[in-house]
Amino acid sequence: MDEIFLSSNRKRLSLRRGKDRVVANRHPWIFAGAIGSESGPPDAAIGDLVDGDGRRLASGFYSPHSDIRLRVLTFAEEELTAEVITSRLAASIARRRALLSDSNDAVRLVNAEGDDLSGLVIDLYNDVAVVEISNAGLEQIKPAVIDVLRQELRPRQIYFNNDLPARRVEKLSTDPEGIGEGTPATTIVENGLRFEVDPAAGQKTGFFLDQRENRQLARTLASGKRVLNLFSYTGAFGVYAAAGGATHVENVDGSQVAIEQARRNHDINQSSNITTFTIADAFAHVRKLDAEKQRFGLVVCDPPAFAKRRVEVDRAARGYKDVNLYAMRLLEPRATMLTFSCSGHMSLDLFQKVIFAAALDADRRISILRRLTAAPDHPVSIYCPEGEYLKGFLLEVRE
Ligand code: SAH
């Protein structure tokens with residue numbers, strides 16, 4: 001692997017005149033538009049960005065197809081070697097050790113830019129590590145990723161979830177790959193509750209670890225309440241609510257596979273008896289519940305990213321407003337609601353405006369008790385604010 005770091009095997013990219021700001025701000029993404037000329041092997045894994053005098057400004061993973069031509073790992077005089085990458089990987093894992101215990105064995109080990117490893121995400125689910133590599137340069141150091149994971153954690157299986165839009169752009173294989181024994185399906189413990197996770201069948205890497213702390217919050221709010229869990233996926237918020245003493249939980253999701261998994265998760269946590277499982281479009285279902293005059297003491301609303309691209313933000317805002325408006329109508333007096341947006345393109349500011357518009361049209365008096373974000377195993381680089389996608393509010397109805 002060391003040979004990909006040799007200078008003869010690196011791409012040399014010259015920064016366009018007038019583009020110095022992209023480096024000064026230490027943003028790890030260098031777009032094709034900032035690059036003047038390129039030289040070196042076309043399949044280079046590593047690229048060096050140089051100024052007009054040939055001085056190195058930055059080094060990182062090179063990509064010939066993505067608009068993000070270089071994912072910067074080191075700036076200025078800091079030399080990029082294999083050791084830099086493997087020690088960052090080991091350091092990311094070390095930072096998570098304190099989060100792992102008998103009651104928590106699932107954690108995000110590497111959160112891309114937030115761990116100074118642009119393009120790499122690794123989630124640990126008990127004995128299975130799920131890896132997402134979204135960049136051509138990084139793909140070439142895959143053996144190093146495997147080595148570090150084996151040394152540090154000895155997972156039963158390392159599963160590469162390759163079904164990523166970014167890999168299509170990069171012209172990399174999208175077939176999954178499992179290394180080790182058995183299948184990637186496993187059972188995790190999170191805050192003492194158990195969940196089956198199947199990375200091969202599930203969404204993203206299989207489970208939404210970013211919501212761990214918000215689920216714990218839901219647990220503390222659920223006692224004695226009827227709880228509605230919209231966009232439930234595999235029922236995680238619902239299982240927490242039941243564990244927190246909810247009298248009834250309704251999980252709603254459009255995916256039959258997700259709802260079946262939600263049922264099994266409630267089964268293994270002994271809470272299916274108070275839970276209903278609804279396969280439905282959440283937008284239609286909140287209207288139906290309202291028409292039936294059903295009311296809830298806690299509503300969780302955690303939809304998928306409605307805005308995957310910036311041009312979709314307006315349409316996404318209308319979607320968030322619609323489902324939140326109807327969800328608010330379902331709240332009992334003094335009820336609480338946890339509402340989220342995981343669209344990177346929707347700012348916290350805009351999301352708050354959407355919630356304001358929904359409350360106005362729902363004719364409810366709503367206050368924000370807390371702003372919510374992702375759990376701390378999802379760090380965000382101050383230089384790459386795009387990494388902060390999850391935002392939410394804990395709301396309370398006042399009348
Ligand atoms: N809250 C979940 C994660 C939600 S992911 C957790 O903590 O694990 C978003 C979910 O929304 C997915 O399961 C997807 O199937 C579902 N979904 C997407 N569009 C939907 C729609 N219109 N109606 C109902 N569910 C939908």
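Here the structure is a predicted model, which is why all the values come from computation and not from measurement. Below, each value reflects all heavy atoms present in this structure, side chains not excepted, and no hydrogens, waters or symmetry copies. Whatever order the structure lists ligands and atoms in, that order sets their numbers, starting from 1.
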Can you pull every nitrogen or oxygen pair between ligand 1 and the protein closer than 3.5 angstrom?
residue	atom	partner	partner atom	Å
ligand 1	1 (N)	F231	O	3.4
ligand 1	1 (N)	D302	OD2	2.6
ligand 1	7 (O)	R215	NH1	3.1
ligand 1	13 (O)	Q203	NE2	3.3
ligand 1	13 (O)	D253	OD1	3.3
ligand 1	13 (O)	D253	OD2	2.7
ligand 1	15 (O)	Q203	NE2	3.3
ligand 1	15 (O)	D253	OD1	2.7
ligand 1	22 (N)	D281	OD1	2.6
ligand 1	23 (N)	A282	N	2.8
ligand 1	25 (N)	G254	N	2.9

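By the criterion of side-chain heavy atoms lying less than 4.5 angstrom apart, applied directly or through intervening Ile, Leu, Val, Met, Phe, Trp or Tyr residues, L13 is grouped together with F75 in one hydrophobic cluster.
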Mind running side-chain hydrogen bond (donor to acceptor under 3.5 Å, both in side chains) on E113 and Y383 for me, showing each step along the way? CA-CA 9 Å; E113 289 81 8; Y383 307 109; over 6 Å; no

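With no hydrogens or angles considered, no side-chain donor-acceptor pair links E132 and T205 at under 3.5 Å. Donor-acceptor pairing under 3.5 Å is recorded for the side chains of Q211 and D302. With no hydrogens or angles considered, a side-chain donor-acceptor pair links S59 and D48 at under 3.5 Å.
For the pair N161 (side chain) and K204 (backbone), a donor-acceptor distance under 3.5 Å is present.
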